[in-house]
Amino acid sequence: MSVDITTAKLNLERNGFLDLEIDPSLDLFDEIAKLKKEKKAVLLAHYYQEPDIQDVADYIGDSLGLAQQAEKTDADIIVFAGVHFMAETAKILNPAKKVLLPDLNAGCSLSDSCPPPLFKAFKEKHPDHIVISYINCSAGIKALSDIICTSSNAKQIVESLPKDQKIIFAPDKNLGAYINKTTGRNMVLWNGACMVHEIFSLEKITKLKERHPEAKMIAHPECEEAVLQIADFIGSTTQLLKYTQQSGFNSFIVATEAGILHQMQLSSPDKIFIPAPPDNACACNDCPHMKLNTLEKLYLCLKYEQPEILMDEELRIQAKKPITKMLEMSRELGII
Ligand code: 13P
Ligand code: SF4
């Protein structure tokens, strides 16, 4: 198939991917490496990306680590293999860089569960509360927040505030409830959730635990309380990965998006990792947004430098304040 390049570029801008046929003889791993060097581009990838993308990334991390990398990079181009709010955060922190996302449709159900106009009205009902928002939200929500947090630092950030400080926590009710439980706070929670972490089947996980009594069950705090209750360890993706590396145990049931198993298995090849099953016919749990990015789209994105994250400057400045606050607090608290 031959496609007019201008039309193809326009499609790419509109749809977030380029429907061009890629020469099948190309080694995409080599091509991506060449393009990164030629264009002085850095490839930042989240652990939930498919293994091939993780294998060509310059940095793989959780939301906090990725934000830090985006802030400090001296590359000309940031290619963000993750979802839209992550690439947008990179642009907010480092606006001079061209920030690319292989598929612009890579959104996030959690971020979508909190539309800024509705949240603004909710916030107005609690005028004496400050707003702490999980980084999995749009720039519009960030601009309405006082402090951003991630699953790596949420507990310490909340704990560092005066006990009588009234707080709205958005958008993840599961992470918020977990922080309320572990800190003894009573934050007002926005009713949002992640489709991937909400769908784990307690029944199937319980059966899996019975079949593998030696396995430690580890879970991301975006999971529902019933799943967290039967977990041996709870943490962000990086914290889960470190736990599997450092603990003396040899097998783990992993209740988060299955992409993380790639790094777990690479760094502990002799250990056994069992993905926690969702409440559907699948054996493991993939995020449909994260998995929209492919090696092919990544190659085209680097080659044509599209789709690019563009932002309104006023919104960017407003959204940056609570992220900067999070990074400052994380430094003060010794988290980063
Ligand atoms: P972390 O990698 O920061 O733990 O976040 C998990 C997640 O759901 C990202 O979308
Ligand atoms: Fe959003 Fe959940 Fe996917 Fe993370 S795993 S990008 S929170 S839908």
Side-chain angles (χ1 to χ4, degrees), residues 44-50 53-54 57 59-70 80-90 101-115 132-138 141-142 148-157 170-176 178-179 190-200 218-224 227-228 231 233-244 254-264 275-276 278 282 284-293 323 326-327 330 335-336:
L44 307 181
H46 188 267
Y47 292 118
Y48 297 165
Q49 291 295 288
E50 61 173 48
I53 293 182
Q54 294 188 35
Y59 176 85
I60 313 161
D62 66 2
S63 305
L64 183 61
L66 288 163
Q68 281 177 273
Q69 293 295 322
F80 213 112
V83 291
H84 190 274
F85 77 81
M86 295 179 168
E88 190 175 62
T89 302
L101 179 64
D103 190 326
L104 264 192
N105 293 320
C108 167
S109 68
L110 180 51
S111 176
D112 290 347
S113 70
C114 196
I132 303 185
S133 294
Y134 188 35
I135 199 163
N136 299 34
C137 64
S138 64
I141 295 297
K142 289 185 173 82
I148 294 302
C149 69
T150 74
S151 46
S152 287
N153 58 21
K155 185 169 176 272
Q156 291 97 320
I157 285 182
D172 189 6
K173 64 175 178 190
N174 292 321
L175 176 62
Y178 172 68
I179 303 295
W190 177 263
N191 187 19
C194 157
M195 62 189 285
V196 178
H197 289 88
E198 275 226 317
I199 204 185
F200 284 114
I218 61 173
H220 195 279
E222 286 175 28
C223 293
E224 287 182 325
V227 170
L228 295 180
F233 180 79
I234 297 165
S236 73
T237 50
T238 296
Q239 290 164 344
L240 295 177
L241 175 61
K242 280 193 184 146
Y243 178 80
T244 64
V254 184
T256 191
E257 210 268 2
I260 185 99
L261 268 73
H262 183 54
Q263 291 307 316
M264 288 177 173
C282 304
C284 70
N285 215 350
D286 279 321
C287 170
H289 306 289
M290 286 279 181
K291 295 303 193 301
L292 276 180
N293 295 326
I323 308 176
M326 168 186 79
L327 293 171
S330 300
I335 300 166
I336 55 176

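Counting starts at 1 for both ligands and their atoms, in listed order.
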Student: By number and element, which atoms of ligand 1 are closer than 4.0 Å to a non-hydrogen atom of Ser151?
Tutor: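 Counting atoms of ligand 1 from 1, those under 4.0 Å from Ser151 are 1 (P), 3 (O), 4 (O).
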Student: Just checking, any donor-acceptor pair under 3.5 angstrom between side chains of Ser236 and Ser152?
Tutor: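 There is such a pair (donor and acceptor under 3.5 Å, judged by atom type) between the side chains of Ser236 and Ser152.
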Student: Quick check on contacts: which atoms of ligand 1 are under 4.0 angstrom from a heavy atom of Asn136?
Tutor: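 Counting atoms of ligand 1 from 1, those under 4.0 Å from Asn136 are 7 (C), 8 (O), 9 (C), 10 (O).
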Student: For Pro288, is there any backbone N or O sitting under 3.5 Å from a side-chain donor or acceptor partner on Asp286?
Tutor: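 Between the backbone of Pro288 and the side chain of Asp286 there is no qualifying donor-acceptor contact (under 3.5 Å).
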Student: Counting distance only, does the side-chain N/O of Lys142 pair as donor-acceptor with the main-chain N or O of Tyr134 below 3.5 Å?
Tutor: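 The answer is no, because no donor-acceptor pair under 3.5 Å joins these two groups.
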Student: Hey, are the side chains of Leu228 and Glu224 touching, using non-hydrogen atoms and a 4.5 Å cut-off?
Tutor: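 Leu228 vs Glu224: side chains apart.
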Student: Which one holds for Thr150 and ligand 1: side chain close, backbone close, both close, or neither close, with close meaning a heavy atom under 4.0 Å?
Tutor: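 No part of Thr150 is near ligand 1 at this cut-off.
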Student: Which ligand 2 atoms, with their elements, are less than 4.0 angstrom from a heavy-atom of Cys287?
Tutor: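 Counting atoms of ligand 2 from 1, those under 4.0 Å from Cys287 are 3 (Fe), 5 (S), 6 (S), 8 (S).
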Student: So, Thr256 and His197: side-chain donor and acceptor under 3.5 Å apart, yes or no?
Tutor: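 There is such a pair (donor and acceptor under 3.5 Å, judged by atom type) between the side chains of Thr256 and His197.
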Student: Has Met86 got any heavy atom lying under 4.0 angstrom from an atom of ligand 1?
Tutor: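 A heavy atom of Met86 does come that close to ligand 1.
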Student: Any idea which protein heavy atom is nearest atom 8 (O) of ligand 1, and the distance to it?
Tutor: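 For this ligand atom, the closest protein heavy atom is Glu222 OE2, 3.0 Å.
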Student: Is it true that some N/O/S atom of Cys108, main chain or side chain, lies under 2.8 Å from atom 1 (Fe) of ligand 2?
Tutor: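 It does: Cys108 brings an N, O or S atom closer than 2.8 Å to atom 1 (Fe) of ligand 2.
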Student: Show me which atoms of ligand 2 lie under 4.0 Å from any heavy atom of Asn136.
Tutor: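 In order of numbering, the contacting atoms are 7 (S).
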Student: Please list, in number order, the atoms of ligand 1 under 4.0 Å from a heavy atom of Ser63.
Tutor: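 Taking each heavy atom of Ser63 in turn, ligand 1 has 1 (P), 2 (O), 3 (O), 5 (O) under 4.0 Å.
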Student: As an exercise, identify every atom of ligand 1 less than 4.0 angstrom from a heavy atom of Ser236.
Tutor: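 By the 4.0 Å cutoff, the relevant atoms are 4 (O).
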Student: Any side-chain donor-acceptor pair under 3.5 Å between Asn293 and Glu50?
Tutor: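 Distance-only check fails for Asn293 and Glu50.
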Student: Any sub-3.5 Å donor-acceptor pair from Trp190's side-chain atoms to Gly176's backbone N or O?
Tutor: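 Checking the backbone N and O of Gly176 against the side chain of Trp190, no donor-acceptor pair under 3.5 Å is found.
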Student: Pick one: which of Gln263, His262, Gln49 meets side chain to side chain donor-acceptor pair (under 3.5 Å) with Gln54?
Tutor: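 With Gln54 as partner, side chain to side chain donor-acceptor pair (under 3.5 Å) holds for just one option, Gln263.
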Student: Check whether Ser109 reaches the backbone of Met195 with its side chain - one donor and one acceptor, N or O, closer than 3.5 Å.
Tutor: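 Yes, because the side chain of Ser109 sits within donor-acceptor range (under 3.5 Å) of the backbone of Met195.
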Student: Of all the non-hydrogen atoms in the protein, which one sits nearest to atom 8 (S) of ligand 2, and at what distance?
Tutor: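 For this ligand atom, the closest protein heavy atom is Ser109 OG, 3.4 Å.
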Student: Any atoms of ligand 1 less than 4.0 Å from a non-hydrogen atom of Tyr134? List them with their elements.
Tutor: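 So the answer, numbered in order with elements, is 5 (O).
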Student: List every atom of ligand 1 that sits less than 4.0 Å from any heavy atom of His220, numbering the atoms from 1 in the order shown and giving each element.
Tutor: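 By the 4.0 Å cutoff, the relevant atoms are 1 (P), 4 (O), 5 (O), 6 (C).
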Student: Quick check against the 3.5 Å criterion: does Glu257 have a side-chain atom that pairs as donor or acceptor with the backbone of Met290?
Tutor: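 No; zero donor-acceptor contacts below 3.5 Å.
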Student: Taking a cutoff of less than 4.0 Å between a non-hydrogen atom of the residue and any ligand atom, is Tyr48 in contact with ligand 1?
Tutor: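 Contact present.
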Student: Report yes or no: does Ser111 contribute a side-chain atom to a donor-acceptor pair with the main-chain N or O of Cys108 at less than 3.5 Å?
Tutor: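 Such a contact is absent between Ser111 side chain and Cys108 backbone.
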Student: Would you call His46 a ligand 1 contact, heavy-atom distance under 4.0 Å?
Tutor: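 Within the 4.0 Å threshold, so yes.
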Student: Using 2.8 Å as a strict upper limit, say whether an N, O or S atom of Cys194 approaches atom 2 (Fe) of ligand 2 that closely.
Tutor: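 Given the 2.8 Å cut-off, Cys194 counts as a ligand of atom 2 (Fe) of ligand 2.
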Student: Can His46 be said to touch ligand 2, with heavy atoms closer than 4.0 Å?
Tutor: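 Flag not set, His46 not near ligand 2.
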